[in-house]
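The basis for the numbers below is simple: all heavy atoms, side chains too, and nothing from hydrogens, waters or symmetry mates.
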2 protein chains.
Amino acid sequence: MDRIDKRLLTLLQQDASRTNADLAAEVGLSPSSCLRRIRRLNAAGVIERVVAVLNPAKAGRSVKAIITVELERHGEQYVRRFLDMAAKEPAVTQAYSVSGATDALLMLRLKDMEELDALTERLFREESNVARYYTTFVIRTGKDTTEIPL
Amino acid sequence: MDRIDKRLLTLLQQDASRTNADLAAEVGLSPSSCLRRIRRLNAAGVIERVVAVLNPAKAGRSVKAIITVELERHGEQYVRRFLDMAAKEPAVTQAYSVSGATDALLMLRLKDMEELDALTERLFREESNVARYYTTFVIRTGKDTTEIPL
DNA sequence: GGTGGCATGCAATTTTATTGCACAAATTCG
DNA sequence: CGAATTTGTGCAATAAAATTGCATGCCACC
């Protein structure tokens with residue numbers, strides 16, 4: 001991964017819909033060379049996938065919420081079980097087990113409060129392993145990107 | 001936005017590198033019709049962008065951390081100023097102001113601990129408006145997607 | 001100083017996206 | 001209820017883009 005690869009990755013992280021010829025010109029390569037590099041980065045798994053990113057509001061999911069979770073039993077298998085359950089929820093975009101005072105953190109994309117109610121009902125019902133959970137809402141977004149700096 | 005648009009958006013959120021003809025076949029449309037729908041979704045801003053998603057480990061950023069921040073002064077302009085400062089940091093992938101006990105939450109993508117040290121030094125120096133902050137690390141990732149359910 | 005491996009550019013080829021057009025479906029309006 | 005208008009569709013032709021073979025150049029390693 002040399003300087004040119006990094007430039008390409010940065011550009012593709014910002015806009016993967018550009019034509020190969022366009023990218024090639026920007027990094028100073030011929031289209032064929034450029035394409036082969038991108039192919040190589042794909043094959044190597046550096047580029048994991050290419051996806052469309054939607055506007056949340058226009059997709060009808062403008063509410064973003066964060067739930068931190070404290071489990072009854074903290075063993076690895078219990079944490080994993082909880083994460084698996086959370087991951088199955090379409091409204092859950094990120095599900096992590098974390099260090100510190102709580103065990104897990106969920107990031108949610110919601111249509112409305114009803115959806116949050118239904119979701120907490122499913123994830124934190126009586127017979128679940130959840131001791132307590134804290135819900136916070138995102139008021140303002142200063143940044144939200146998938147871009148990884150190189 | 002009918003049923004077909006939603007199907008297209010779901011497919012494109014999962015893999016935007018597929019050919020138009022391929023997508024068209026899957027949703028049961030002709031290539032031209034399919035293309036025009038995607039174009040319309042782009043023009044309407046429902047599709048905000050198309051990006052390459054990198055493998056964090058292979059891009060040299062395997063440490064994910066979350067910082068919750070409590071500010072000295074909580075006024076809107078102070079919150080905004082802090083978010084702007086945080087947003088400028090390349091290692092910060094998400095920066096939100098939130099409801100509840102703390103004022104802001106940052107999601108980080110780090111190379112190593114040194115980088116975290118340098119970053120906290122920059123964001124939480126003496127003359128900053130930050131009263132206290134809590135750092136937690138992501139141990140395990142159960143889910144991490146950009147996909148918004150429709 | 002030679003040699004193998006790898007990346008490059010060019011040009012030809014193939015694949016894919018794009019557009020004009022005629023028609024069908026749905027919606028609006030009289 | 002039916003005509004008019006808008007909107008969406010498929011087909012086929014065209015344009016654009018990606019992809020490949022090949023010859024050359026560049027390094028790293030003998």
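Atom CG of B:N20 is separated from atom P of D:dG10 by 12 Å (rounded to the nearest Å).
A:V130 and A:I66 fall into different hydrophobic clusters, defined by Ile, Leu, Val, Met, Phe, Trp and Tyr side-chain heavy atoms under 4.5 Å apart, directly or through other members.
For DNA chain D, the residues of residues 28-53 of chain B within the heavy-atom distance limit of 4.0 Å (strictly under) are B:L29, B:S30, B:S32, B:S33, B:R36, B:R37, sorted by number.
The nucleotide range of DNA chain C contacted by chain B, defined by atoms under 4.0 angstrom from heavy atoms of the protein and reported 5' to 3', is C:dT16 to C:dG20.
For the helix from C:dG1-D:dC30 to C:dG30-D:dC1, the axis fitted to the five pairs at one end and the axis fitted to the five pairs at the other end meet at an angle of 40° (nearest 10 degrees).
Between A:D15 and B:R49 there is no salt bridge, since no side-chain N of the basic residue sits under 4.0 Å from a carboxylate O of the acidic one. Ionic pairing of B:R18 and B:E26 is present here: one or more N-O contacts between side-chain nitrogen and carboxylate oxygen are shorter than 4.0 angstrom.
In this structure, A:I67 and A:L105 have side chains that are not in contact, with every pair of non-hydrogen atoms separated by 4.5 Å or more. Counting heavy atoms from C-beta outward, B:L23 and B:L35 have side chains that stay 4.5 Å or more apart. Under the 4.5 Å side-chain criterion, counting only non-hydrogen atoms from C-beta, B:F124 is in contact with B:V69. Side-chain contact between B:Q13 and A:V51: absent, with no pair of heavy atoms (C-beta onward) separated by less than 4.5 Å.
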Could you tabulate the donor-acceptor pairs under 3.5 Å formed by side-chain atoms of residues 77-84 of chain B, not counting sequence neighbours?
from, atom 1, to, atom 2, distance (Å)
B:R80, NH2, B:E76, OE2, 2.6

Side-chain atoms of residues 142-150 of chain A: list all donor-acceptor pairs with protein atoms under 3.5 Å, sequence neighbours left out, distances to 0.1 Å.
from, atom 1, to, atom 2, distance (Å)
A:K143, NZ, B:A87, O, 2.9
A:K143, NZ, B:E89, O, 3.0
A:K143, NZ, B:V92, O, 2.9
A:D144, OD2, A:K64, NZ, 2.6
A:D144, OD2, B:Y96, OH, 3.2
A:T145, OG1, A:E147, N, 2.9
A:E147, OE2, A:Q14, NE2, 3.3

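Sequence neighbours left out, the pairs with a member in residues 94-116 of chain A that pass salt bridge (Lys or Arg N to Asp or Glu O under 4.0 Å) are A:R61-A:E115.
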